[in-house]
Structure formats: structure tokens, C-alpha cells
Amino acid sequence: MKIIMMVICLILPIFHSQAGVPDSTLISDIHKRMLAGEISAQKLVNHYFERIRKLNDAGPTLNAVVQINKNALIEARTLDDYFKKNGLIGPLHGIPVLLKDNIDTNDGMANTAGSYALKDNFPSQDADLVKQLRKAGAIILGKTNLSEWANMRSSMSSSGWSGLYGQTLNPYDTSTSPCGSSSGSAVAVAANFAVLAVGTETDGSVTCPAAVNGIVGIKPTLGLISQQGIIPIAHSQDTAGPMARNVTDAVTMLLAMLNKNEIPANKNVNYLDHLIIDGLKGKRIGVVRNLTGYHAGTDKVFEQAINEIKAQGAIIIDNTNLATLHQWDDAEFEVLLYEFKQDINHYLSTTAKSLPKSLSDLISINEKHQDTEMKYFDQAVFHLAQAKGPLSEKEYLQALMLSKALTQKQGIDKLIQTHQLDLLIAPTGQPAWKIDWINGDNYLGAGYSAAAVAGYPHITVPMGFVHHLPVGLSMFSGAYQEAALIEAAYSYEQATKHRKAPQLVATKQ
């Protein structure tokens, strides 16, 4: 252990070298350094490759980054050449971005969902969101681990574990869960393995890992980011979302990822204009008390957050509880089972001939490779989904209608209209729990499900710590209310500065 500790101590000064990017650096800071000739895209990529090699693959072995884009340096060189002649190509010029390993890229990296069954899935084109990122100047640095099949294979799964890559670890305490399913993306951002990462969420998979890894995560309104080229769970809830160490960078990335064809004409998406210091002043904010009470430490930090929000001039409306809480759970699960079968079959139909073509094929492959895929948990959810019929069935249509009504009209919309609110707040979730491959995840409670099922926007920002573990503050509202949430989140972040970088030290072997 002494030898490992010496290595870590020797590594850390490297990250503050001229080519380095300290944890608190903004995209705008990087671009200023590019304009001053202090840094290039190539130096930036090499810096992150070295950091990944020393702190992801060795040292603490966080196992967040699982594939490296062999074309990243070529892309960086092209962008550097462009910069010398024309300046910045876009808002993400030369910025290294990591993608969750359920997003298609046409650059030699497999898109696997963490599964042995898709280890040879090499897409023939980029996902739409990847095209958008490249257009903005981003460099795709690599792929991140995830909870296999985005936690859709078994109810006993361990967040951050996949049969293909193993377990991702929380950088604040490597014995604890990184939450899922965008585990690797959150850990990679928290540990500064890239400036930005993309996660995907069906119900909490951007916001939970963001919260327990002390970063910012944005789950936008359903449809603002294209679903094309993402290995799916359910089209009525799935969305990608940006993950960053600060609200400013997350918003910059969100803008670059937008599917502009799906934005209603009357909706303002000039989100950078809403990064205002007094964004909380005068806002009517509802406290959803029945999304608290499951963890005393988290509740204590949440009370502090309420007082901090009040101090910024917000009007707090307490006890604006979701009367329908948990009433949508069964209906949502029914929807996910139906849609997963259809959506995964459709995705698989677009892959190479040698790959599995149906959910039934995936089940068979897992059974043949039990030692790799099912040594800790089964595929019970796969079997439940396989038993479902087409989306024309009454059971599916009723479940979809019910889950949306309970979270939208009878849920979030009702609270906002009744109390004339701008947004709602709650703790995002508990501190990270111990990793347990036998019993699975130990979820106690969370604040993200209503917005996820409704398809409404949700931002989580660092709220503080319970002992040494970060917890997040959830801000959510009605459809297309990203601007109001960004104002509130940025104002809160700038007033409190709760984020602290993890101290990456080796654990006992």
C-alpha cells in the first residue's frame, strides 16, 4: 500500500501542469487557454489519456472508462489545424467527452450495453446526439461502464456492474456504489477523466449517479435529445443527458445535444442566457416533503439547502406533496417491460447480421455464458419482458395512460398549478450504499421518479455531504421548463459551492 500511495502522490502534481485541467476548470477557461496558445486539443487529449491510465486503470482502479477512441488524437489534430486558421469551430471545440457504452459511434468502438452479447457490436454510424457533439467540436474520448442493460436485466443487479467490464467504483469511497445506470459517466466526470460525459436515463440513471458522485446531471424534457442510436429501454421515458462538474458546462453540453427538430416553436432554448446569479430571487419553490424521510443525514443536508435557497430570495412553499407518489410504480414497470421488448428488438434489427436479433436471442446467449453474465444475478426482467405482447395490447395502453396521468396532470402539473410554483425540490437520493453483488442495490428513496415517468426536466446539483459522501439537490418542473431550472440550479450552485473533488487514494488490498 505504501508503494501505491507514493505513486498517487507523485501523479497528482502532473494534473496541474500547463497541459492539465484542474477539477474546477470551465469549458470557457479551456478555450481562453487555447486562444492564448497555452493548450491545444492534442495536449488536452493526451492529458486525459494519461490520467485515465494512472487513475482509472491503475491506482484506485475506478473502472469508469472501459474503451478508448483510437481516433481521438487524430480528431484533436484536425481541430487544432482548424483553430489555427479559423478559431473555434463550435462551443465544444477540442473538449474531450466520454459516452456511456450504450450510445452508437462509428469510430471503431463497440456499443455493448455492458453485455457479452454485444461485445462485437460495431455501429455503422454515429447516434444523432454524437453527430451533434462532433458538430459542436467535441472529441469523443472513449466509452464508460454502465449497469448492464441500464439495470433492465434483473431487480437484484448491482449498479455499475456489467458482465463485460466488471464493477465501477465510487471515487469518494471505493467500497460504495456509484449508482446506476450511468455509473461510469458520473465517476469519470467526478474523477476528472474528461471535461464532460453523456449519460442516459429512464428513471434516475443520470440523476442518481450524478448525485452520489458529487456532480451536475441534467435529464431534459423527453424528446429534446434524439433517442436514435441509443440502446433503448423505453421510448416513452428514455433520454440522454449531460453530466459535468458544474452547471455552466452541463448547460453548454445540453445546447450542443439538442434535437432542434423536436423543439416546439414557442419554446426558448437559449439556455446560456439563464445562467444568472440571482436566478432564485422571487421564484416560488415547492418542497416535496413526501420525497424525504428515508435517510436522516440526507434530510439534515436538505434542510440546510432550503435555508440557502431562502437566503437567495426564493419563496418557499412547504409540504407541496405528490399525492400520487408510488401509485404509478406498477404501471410504469408494465410500460417498461412492453416497450423494452419492442424497442430492443428494433435496435437489434439494425445491427450486423452476426449479432443477436431479438430479446429471445439475448436470453439464450446469457444462458450459454452464465459464468460471465449470471454469476451474481439472473435475467428475470428479461423473461418478464419477453412474455409481453405488442404495444397494441390494452394492458400496455392502460398502463401508459395511467403512469403519465399520475405523474403529469395529477402529479407535477397539479402541484405547480395549485401553488403557482416555478419548480419543485427534493433530495435526489441517499448517500452511496455499500456495493453488494449478492443482495443488489440498497435504495432507500429518491426524488427523481416522478419527473422521469412524466418525461419532464430534472436537474441535480451538489447539495453537500453526509460524512464523506456527496448528496444532490433535485430541481424539477413541468415540460420544457429547463430555463427556470437552470436559473435556479446555477444560482444555488454559485451561492453555495458545495462540490468538492474526490481525493483519489488507494484502498487496502
Side-chain angles (χ1 to χ4, degrees), residues 91 128-129 132 198-207 210 216-228 230 234-244 247-248 250-276 279-280 282-286 288 314 320 322 328 400 403-426 447-461 474-492:
D128 283 350
L129 73 88
Q132 290 287 101
V198 180
T200 65
E201 174 161 329
T202 306
D203 191 340
S205 290
V206 166
T207 47
V216 175
I218 302 179
K219 186 206 81 69
T221 300
L222 187 70
L224 279 186
I225 298 175
S226 172
Q227 297 176 344
Q228 186 279 326
I230 302 174
H235 60 266
S236 67
Q237 290 181 213
D238 287 353
T239 182
M243 307 179 86
V247 173
T248 303
V251 171
T252 302
M253 189 185 199
L254 174 62
L255 273 170
M257 296 166 70
L258 289 180
N259 180 16
K260 293 183 171 60
N261 293 330
E262 297 298 323
I263 300 170
N266 63 339
K267 300 302 178 184
N268 177 13
V269 294
N270 295 322
Y271 297 142
L272 290 175
D273 294 343
H274 296 273
L275 296 170
I276 53 178
L280 282 167
K283 279 195 169 50
R284 291 177 60 84
I285 299 177
V288 189
T320 53
L322 283 162
W328 63 77
L400 179 63
S403 62
K404 294 299 184 185
L406 290 170
T407 54
Q408 294 177 350
K409 187 175 181 180
Q410 299 174 39
I412 294 171
D413 293 343
K414 184 176 181 180
L415 286 182
I416 289 172
Q417 291 164 9
T418 300
H419 301 282
Q420 297 181 325
L421 302 173
D422 293 290
L423 64 141
L424 298 159
I425 60 171
Y448 45 73
S449 187
V453 178
Y456 288 174
H458 173 194
I459 300 180
T460 181
V461 291
S474 283
M475 298 179 171
F476 54 102
S477 191
Y480 303 106
Q481 294 303 306
E482 277 80 1
L485 296 182
I486 288 165
E487 289 179 359
Y490 180 76
S491 179
Y492 177 77

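When reading the values below, keep in mind they use all heavy atoms of this one structure, side chains included, and skip hydrogens, waters and symmetry mates.
- Ring geometry, Y448 versus H458: the interplanar angle falls under 30°, so the pair is classed parallel (tilted spans 30 to 60°).
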Distance-only criterion, 3.5 Å: show the donor-acceptor pairs between side-chain atoms of residues 405-416 and protein atoms not counting sequence neighbours.
{"unit_1": "T407", "atom_1": "OG1", "unit_2": "S403", "atom_2": "O", "d": "2.8"}
{"unit_1": "T407", "atom_1": "OG1", "unit_2": "K404", "atom_2": "O", "d": "3.3"}
{"unit_1": "T407", "atom_1": "OG1", "unit_2": "A454", "atom_2": "N", "d": "3.4"}
{"unit_1": "Q408", "atom_1": "NE2", "unit_2": "A454", "atom_2": "O", "d": "2.7"}
{"unit_1": "D413", "atom_1": "OD1", "unit_2": "Y456", "atom_2": "OH", "d": "3.1"}
{"unit_1": "D413", "atom_1": "OD2", "unit_2": "Y456", "atom_2": "OH", "d": "2.8"}

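- Annotation: side chain of P220 is in contact with side chain of L254 (closest heavy-atom distance under 4.5 Å).
- Smallest separation of non-hydrogen atoms from A314 and I285: CB-CD1, 3.8 Å.
- The distance from atom CG of L129 to atom CD1 of I230, rounded to the nearest 0.5 Å, is 5.0 Å.
- Between S477 and D422, the closest heavy-atom pair is OG-O, 3.0 Å.
- Counting heavy atoms from C-beta outward, T239 and T221 have side chains that stay 4.5 Å or more apart.
- Counting only heavy atoms from C-beta outward, the side chains of Y480 and I263 never approach each other to under 4.5 Å.
- A pairwise comparison of heavy atoms in M253 and M243 identifies SD-N, 4.3 Å as the closest pair.
- Residues V216 and I459 come closest through the heavy atom pair CG1-CG2, 4.4 Å.
- Screening residues 261-276 for side-chain hydrogen bond (donor to acceptor under 3.5 Å, both in side chains) gives N268-N270, H274-E487 as the qualifying pairs, with residues at least two apart or on separate chains.
- Here the straight-line distance linking atom OG1 of T202 with atom NZ of K219 works out to 10.0 Å at 0.5 Å rounding.
- Counting only heavy atoms from C-beta outward, the side chains of E201 and T207 approach each other to under 4.5 Å.
- In plain terms, the two heavy atoms of L255 and K260 that are nearest each other are O-NZ, 3.9 Å.
- Of the candidates T200, N259, L222, Q227 forms a side chain to side chain contact (heavy atoms under 4.5 Å, CB included) with just one, namely L222.
- At least one side-chain heavy atom of L275 sits under 4.5 Å from a side-chain heavy atom of I486.
- Remark: E482 pairs with no residue by the salt bridge (charged side-chain N to carboxylate O under 4.0 Å, His left out) rule, at least two apart or across chains.
- When all heavy atoms are compared, the tightest approach of I276 to S491 is O-CB, 3.9 Å.
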